[in-house]
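Only one structure is covered here, and it is reproduced in the block below.
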Amino acid sequence: MHEQLAEGAARLASEAREFAICHGILRYREGRIAHLPLTLLPCWLPRAFVEQGRQATLVFNRLYHAVATQRDFLEEQLGAALAGDEFLRRLHDCWPRTAPLKPILYLTRNDFMPAWNDGHCSARQVEANLIAASLGVMSERVTALVRHLYQGQSWLKDLLPNHSGTNLANAMGRVFQRYRQGDSQMLFIIPAGEANAFDQLGLLSRLRIEFEVPAVRTSLQELGQLGELRGGDLYFRGRRVTLVYFRAGYTPDHYPDPECWQARRLIEESSAISVPSVATQLVNSKKMQQILAQPEILRRFVEEEEARLLLEAQMVLAGVDQEIEWRGQRAPARQHALSHPEAWVLKPSREGGGNNYFGQELAHQLRQLSPASASSYILMETIQQRPFRGIRLSQDQVLDSPCLTEMGHYTACCLEPGSSEPVFNELLGTLLRSKDCTSQEAFVLGDHSYLDAPVLF
Ligand code: ADP
Ligand code: MG
């Protein structure tokens with residue numbers, strides 16, 4: 001199969017390129033429109049790996065919601081991280097003491113890697129993305145690309161169906177229609193110079209065409225300048241806002257001036273549904289991921305059986321200066337990681353790719369990280385994968401090398417004001433990103449990994 005494919009790769013590449021242009025698997029790259037990095041051959045994954053991720057994801061949603069509504073717990077647990085990390089602190093400062101009660105919508109993607117141990121594969125969470133979880137539209141199109149390229153192949157019956165983009169837009173559309181007020185609008189908050197504009201446009205255009213949602217794109221800066229509160233409602237350019245969907249705001253670069261922070265405060269203080277709220281974004285910090293991996297803390301928020309499911313799907317996570325038992329030895333996590341840099345990943349409380357430290361860089365950073373700054377960093381055990389042969393197309397080049405992969409499960413979860421029982425908590429589809437096994441990051445827009453699709457066995 002692989003040999004045959006390598007020979008026909010030039011033909012496949014040309015078909016894939018045309019399909020990508022025809023169906024908009026595109027992004028901006030150095031000021032021009034280019035296709036996204038793509039698979040030319042899907043990735044075979046165990047059914048149980050996908051199923052475990054699906055089950056854990058819906059429980060993780062319940063956990064995140066439970067934690068987001070426990071302000072005292074969140075502030076107490078994140079205290080040191082807030083003191084040590086200016087971005088988290090400024091975010092927290094936008095959270096009003098008396099926040100209005102409003103419906104809640106989560107649009108998330110929970111990312112897992114297949115961890116192989118003695119021939120057995122299980123799902124291990126990399127992280128959850130509760131803000132700006134992207135590529136749902138593109139992922140659906142890549143699944144279609146695989147069907148197009150391999151029409152007639154018997155194994156297509158095992159290709160995981162994927163309607164992540166359609167389902168994401170539908171979830172937004174349903175929520176907007178449920179809570180819209182008169183001629184109110186929906187805002188997409190996007191960063192300046194966004195490369196991933198077409199992925200967002202896929203959602204936005206479906207909302208406009210199929211749901212008649214007045215959806216408009218703006219920036220944090222513009223909302224901070226032009227947004228206002230009237231009787232507790234958010235108005236932008238004279239029109240009430242029902243729903244604000246963030247595709248920006250997860251990194252300090254998205255806040256170049258005080259108006260951007262003003263936008264966050266306005267949304268928080270208003271009746272507008274914010275995807276996500278500041279509280280949710282704080283729950284999504286890497287520091288909180290580590291805190292919530294502790295069994296005694298987890299059990300405060302979910303049932304015993306659910307806690308077991310979540311713990312099974314997690315690697316060892318630790319605060320940098322936390323004493324932990326690892327490989328039979330008790331020591332501060334920093335010490336374990338310094339002795340075995342390849343077995344750990346060092347993560348600051350940041351999103352968006354390119355922030356983590358691996359291997360020798362990890363060791364270097366750990367040596368100079370002061371205890372105060374270390375309070376917002378976490379150490380996570382490396383997930384050990386089994387490389388597979390990946391044939392893919394990146395900027396008109398066919399690449400063929402051993403690869404690793406990461407699967408995200410998209411969800412939508414909606415709750416009425418003050419309720420703890422979701423109106424719905426649903427899986428929407430998947431994202432598969434694969435990368436050369438020598439590459440550490442999985443950032444598709446940065447050409448670190450390519451869009452893939454899973455065939456189940
Ligand atoms: P970000 O918020 O920047 O996306 P992630 O936690 O998702 O941060 O890490 C970025 C990438 O680093 C992941 O997509 C994955 O490729 C790699 N990575 C992160 N944690 C691990 C881990 N424990 N083991 C192996 N690779 C990891
Ligand atoms: Mg990630």
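When a ligand or atom number is given, it counts from 1 through the structure's own listing order.
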*Which distance, rounded to the nearest 0.5 Å, do you find between the OH of Y357 and the CG of L366?*
10.0 Å
*Could you tell me the residue and atom name of the protein heavy atom closest to atom 21 (C) of ligand 1, and the distance to it rounded to 0.1 Å?*
V345 CG2, 3.7 Å
*Checking side-chain hydrogen bond (donor to acceptor under 3.5 Å, both in side chains) for the pair R47/Q52: CA distance, chi angles, key distance, verdict?*
CA-CA 9 Å; R47 229 167 260 280; Q52 190 193 346; over 6 Å; no
*asked:* Tell me the closest heavy-atom pair linking L145 and T39, and the distance in Å.
replied: CD2-O, 4.0 Å
*Test of proximity, G353 against ligand 1: N or O pairs below 3.5 Å*: yes
*asked:* Check contact between D111 and ligand 1, using heavy atoms of the residue and a distance below 4.0 angstrom.
replied: no
*Side-chain contact, heavy-atom cut-off 4.5 Å: M407 with L160?*
yes
*With a cut-off of 2.8 Å, does any N, O or S atom of D111 fall short of it relative to the Mg ion (ligand 2)?*
no
*Which residue holds the protein heavy atom closest to atom 9 (O) of ligand 1, what is that atom called, and what is the gap in Å?*
N356 ND2, 2.9 Å
*Could you list the atoms of ligand 1 found under 4.0 angstrom from a heavy atom of K286?*
1 (P), 2 (O), 6 (O), 8 (O)
*Counting from 1, what ligand 1 atoms have a heavy atom of E441 closer than 4.0 Å?*
10 (C), 11 (C), 16 (O)
*Any luck finding a side-chain donor-acceptor pair between R264 and Y255 under 3.5 Å?*
yes
*Going by the order shown, which atoms of ligand 1 are within less than 4.0 Å of some heavy atom of M380?*
23 (N)
*Proximity flag Q440 to ligand 1, non-hydrogen atoms under 4.0 Å*: yes
*E127 N/O under 3.5 Å from ligand 1 N/O*: yes
_Min heavy-atom dist R124 to ligand 1 below 4.0 Å_ = no
*Near R350, which atoms of ligand 1 are under 4.0 Å from a heavy atom of that residue?*
2 (O)
*Applying a strict 4.0 Å limit to heavy atoms, is Q385 in contact with ligand 1?*
no
*Fit a plane to each ring of F60 and F112, take the angle between them on a 0 to 90° scale, and name the class: parallel (under 30°), tilted (30 to 60°) or perpendicular (over 60°).*
tilted
*Of all the non-hydrogen atoms in the protein, which one sits nearest to atom 26 (N) of ligand 1, and at what distance?*
M113 CE, 3.8 Å
*asked:* Check for me whether R174 meets the cation-pi criterion with F424, that is, NZ or CZ under 6.0 Å from the six-membered ring centre and within 45 degrees of the ring axis.
replied: yes
*asked:* If you define the side chain from C-beta out and look only at heavy atoms, does anything of W344 sit under 4.5 Å from V316?
replied: yes
*Using a heavy-atom cut-off of under 4.0 Å, does the side chain or the backbone of I383 touch ligand 1, or both, or neither?*
both
*Quick one: sort the W95 and H92 rings into parallel, tilted or perpendicular, breaks at 30° and 60°.*
perpendicular
_Checking one value in my table: which N/O/S atom of E127 lies closest to the Mg ion (ligand 2)?_
OE2
*Using a strict cut-off of 4.0 Å, indicate which atoms of ligand 1 neighbour a heavy atom of E381.*
22 (C), 23 (N)
*F358 heavy atom under 4.0 Å from ligand 1*: yes
*Compute whether any side-chain donor of one residue and acceptor of the other, for E312 and S122, lie under 3.5 angstrom apart.*
no
_Considering non-hydrogen atoms of the protein only, which is the closest contact for atom 20 (N) of ligand 1, and what is the distance?_
K347 NZ, 2.9 Å
*asked:* Regarding N356 and Q440, do their side chains bring together a donor and an acceptor under 3.5 Å, going by distance alone?
replied: no
*asked:* Within ligand 1, which atoms have a heavy atom of E406 less than 4.0 Å away?
replied: 13 (C), 14 (O), 15 (C), 16 (O)
*Report yes or no: does K435 have a heavy atom closer than 4.0 Å to ligand 1?*
yes
*At a non-hydrogen distance cut-off of under 4.0 Å, which region of E351 contacts ligand 1 (side chain, backbone, both, or neither)?*
both
*Output yes when D447 and R27 qualify as a salt bridge under the 4.0 Å nitrogen-oxygen rule, no when they do not.*
yes
_Check against side-chain hydrogen bond (donor to acceptor under 3.5 Å, both in side chains), S376 and S349_ = CA-CA 6 Å; S376 63; S349 282; 5.1 Å; no
